[in-house]
Amino acid sequence: MFDYKLGLDFALKQDQDDPLRAYRHQFHIPKDSKNNHLIYMTGNSLGLQPKHTKSYVNQELEDWATLGVEGHFEAKNPWLGYHELLTKAMANVVGAKPIETIVMNTLTANLHFMMVSFYQPTKTRYKIVIESDAFPSDKYAVESQLRHHGFDEKEGVILWKPRKGETLLNYEDLEAILDHQGDEIALIMIGGVNYYTGQFFDLKRIATLGHKHKCVVGFDCAHGAGNVQLNLHDSGADFAVWCTYKYLNAGPGSLAGCFVHERHAYRTDLNRFTGWWSHNKATRFNMRGEFDQLPGAEGWQLSNPPILSMAAIKASLDMFAEVGMEKLTAKSKKLTGYFEFLLKALGEDVIRIITPNNPNARGCQLSIQVKNADKLLHKKLTKAGVVSDWRAPDVIRCAPTPFYNSFEDVYRLVEKLKAILNE
Ligand SMILES: *Cc1c(COP(=O)(O)O)cnc(C)c1O
């Protein structure tokens with residue numbers, strides 16, 4: 001695809017020619033004790049802070065200080081409808097329509113609220129399919145839903161597993177699961193991009209397959225949102241959830257996103273937990289009378305939301321709106337491809353990349369296995385100024401993000417890794 005070359009000059013030239021190069025300077029990049037920038041490769045865990053976030057949050061603090069309760073109407077961005085300022089930009093990030101998109105709650109909470117509506121087990125159709133390497137929180141959530149409905153969690157969870165000696169998942173194996181047990185399965189709940197391997201699944205293929213067998217299909221896109229083009233609407237998935245503190249750079253524990261496909265927007269037959277924020281906006285404050293469901297994903301809200309967290313999300317989404325996922329993913333593919341090229345040059349007998357090598361089947365993260373490595377390698381990398389992530393027993397995850405990582409970052413990371421391996 002790209003004609004990569006070894007050597008620092010190549011990296012510097014790529015940075016010079018990078019149409020997104022200015023954005024790196026719009027983020028706070030952590031530094032070491034000597035005031036040198038760290039090589040930050042954990043945007044998949046906690047995205048960095050945009051420099052303008054502080055002013056967005058300060059705006060709300062000031063409006064609160066000067067206006068008190070009137071801020072709901074009189075603030076520069078009135079709090080009453082603040083979440084609406086996020087909807088369109090968030091919908092664009094995940095490839096959804098505004099009516100399908102809402103920012104609310106936190107990720108695992110949203111997963112539960114979605115299962116309240118979309119996991120409707122019967123005596124014979126109650127099982128849930130997840131990846132064998134699903135993120136622990138997702139696994140716990142799914143198991144607790146089974147228990148909540150009176151089913152045995154061991155028997156009720158079906159794992160989509162890699163084949164013996166392999167790490168990635170094959171669609172044929174999911175098809176086989178559905179062919180054999182399709183009529184027992186109520187829900188397929190998959191991480192859109194697997195947090196461990198970095199495998200980006202074909203969401204449409206999984207949703208189509210699930211629907212063919214009359215299963216509900218949902219995705220946890222925590223590692224996908226802001227990283228890859230999810231095209232949630234076109235995928236046909238019933239629901240999706242994601243967080244905003246990873247690739248969406250909205251701060252630790254910030255509010256999460258939720259997608260409900262348009263075809264469910266006006267349904268009133270679904271079970272759901274509701275609150276005053278699920279109620280028709282026009283009559284919400286009458287505080288009287290019958291519940292009147294808001295249509296679309298908004299109708300799953302419960303509470304008036306935390307504005308300070310939403311301000312940080314707005315700061316980030318304004319940047320995403322300015323650049324667009326197309327340009328971000330174009331750079332991302334080039335940057336991660338470069339990373340892969342340099343790692344392969346270290347010798348494929350030493351380094352094994354478990355993330356798919358097809359750029360369309362991954363995001364920016366590469367999960368790397370180093371022969372005979374243990375946690376000491378990660379410790380040394382950290383000491384050398386690389387912020388990466390260690391997953392026992394032997395995987396280092398590095399996610400060069402297109403917004404703030406440079407080709408030089410990737411070059412220096414691999415040089416440091418090489419130096420440690422040669423010790
Ligand atoms: C990061 C992540 C979580 C974390 O859940 P929170 O509710 O935000 O704490 C859950 N699931 C997946 C797949 C994740 O990547």
Side-chain angles (χ1 to χ4, degrees), residues 41-48 86 90 93-94 102-116 118-119 128-145 157 159-160 162 167-169 187-201 203 206 217-228 230 232 235 237 239-259 273 300-303 305-306 309-310 312-313 316 354-355 362-367 387-392 395-399 401:
M41 289 287 156
T42 46
N44 57 351
S45 183
L46 183 70
L48 292 179
L86 313 177
M90 185 60 100
V93 165
V94 297
I102 184 69
V103 174
M104 62 177 188
N105 310 317
T106 49
L107 172 55
T108 307
N110 282 347
L111 181 54
H112 274 296
F113 289 126
M114 287 294 100
M115 287 195 280
V116 164
F118 293 104
Y119 175 56
I128 305 178
V129 180
I130 59 173
E131 320 112 277
S132 57
D133 247 328
F135 195 93
S137 195
D138 298 18
K139 185 162 172 278
Y140 305 151
V142 157
E143 288 171 349
S144 65
Q145 285 283 334
V157 173
L159 298 179
W160 178 20
T167 338
L168 301 175
L169 297 176
L187 171 66
I188 301 174
M189 218 303 290
I190 303 293
V193 175
N194 182 272
Y195 82 102
Y196 180 70
T197 62
Q199 182 173 14
F200 174 24
F201 295 109
L203 306 189
I206 294 174
V217 180
F219 295 108
D220 185 329
C221 295
H223 279 260
N227 177 25
V228 293
L230 292 163
L232 287 179
S235 79
F239 70 85
V241 292
W242 59 95
C243 62
T244 62
Y245 50 80
K246 290 171 181 165
Y247 295 104
L248 291 177
N249 310 322
S254 61
L255 288 168
C258 189
F259 162 90
F273 290 167
W300 270 268
Q301 296 175 105
L302 303 179
S303 300
S309 173
M310 283 197 164
I313 297 176
S316 168
I354 62 178
T355 306
R362 69 184 183 203
C364 69
Q365 170 186 323
L366 292 184
S367 305
V387 187
S388 65
D389 172 276
W390 175 263
R391 289 282 140 168
V395 168
I396 294 176
R397 299 183 307 162
C398 293
T401 68

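Values in this document were obtained by computation on a predicted structure and should not be read as measured data. Only heavy atoms go into these numbers, but all of them, side chains included; no hydrogens, no water, no symmetry mates. Atoms within each ligand, like the ligands themselves, are counted from 1 in listed order.
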Ignoring hydrogens and angles, state whether a donor on the side chain of T244 or S254 is under 3.5 Å from an acceptor on the partner side chain.
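There is such a pair between these side chains.
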
Could you tell me if the side chain of F118 sits less than 4.5 Å from the side chain of M189, heavy atoms only?
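A side-chain contact under 4.5 Å is absent here.
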
Do any nitrogen or oxygen atoms of [X] come within less than 3.5 Å of a nitrogen or oxygen of ligand 1?
| X | result |
| --- | --- |
| D138 | yes |
| H223 | yes |
| S137 | no |

Heavy atoms only, cut-off 4.0 Å: how does T108 contact ligand 1, side chain, backbone, both, or neither?
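It is both parts that get close, each with some atom under 4.0 Å.
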
For atom 9 (O) of ligand 1, closest protein heavy-atom neighbour
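Looking at atom 9 (O) of ligand 1, the protein heavy atom closest to it is Y245 OH, 3.7 Å.
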
Among all protein heavy atoms, pick out the one at the shortest distance from atom 12 (C) of ligand 1; state its residue, atom name and that distance to 0.1 Å.
F135 CG, 3.3 Å

Find all atoms of ligand 1 within a distance of less than 4.0 Å from any non-hydrogen atom belonging to K246, and give their numbers and elements.
1 (C), 2 (C), 3 (C), 14 (C), 15 (O)

Is it the case that the ring center of F201 lies less than 6.0 angstrom away from the ring center of W160?
yes

Nearest heavy atoms of A240 and C221, plus distance in Å:
CB-SG, 4.4 Å

Which distance, rounded to the nearest 0.5 Å, do you find between the NE2 of H112 and the OG1 of T106?
10.0 Å

Out of the candidates Y247, F135, F200, only one should pair with Y195 under the ring-ring contact (aromatic ring centres under 6.0 Å, His included) rule; please name it.
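One option only clears the test, and that one is F135.
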
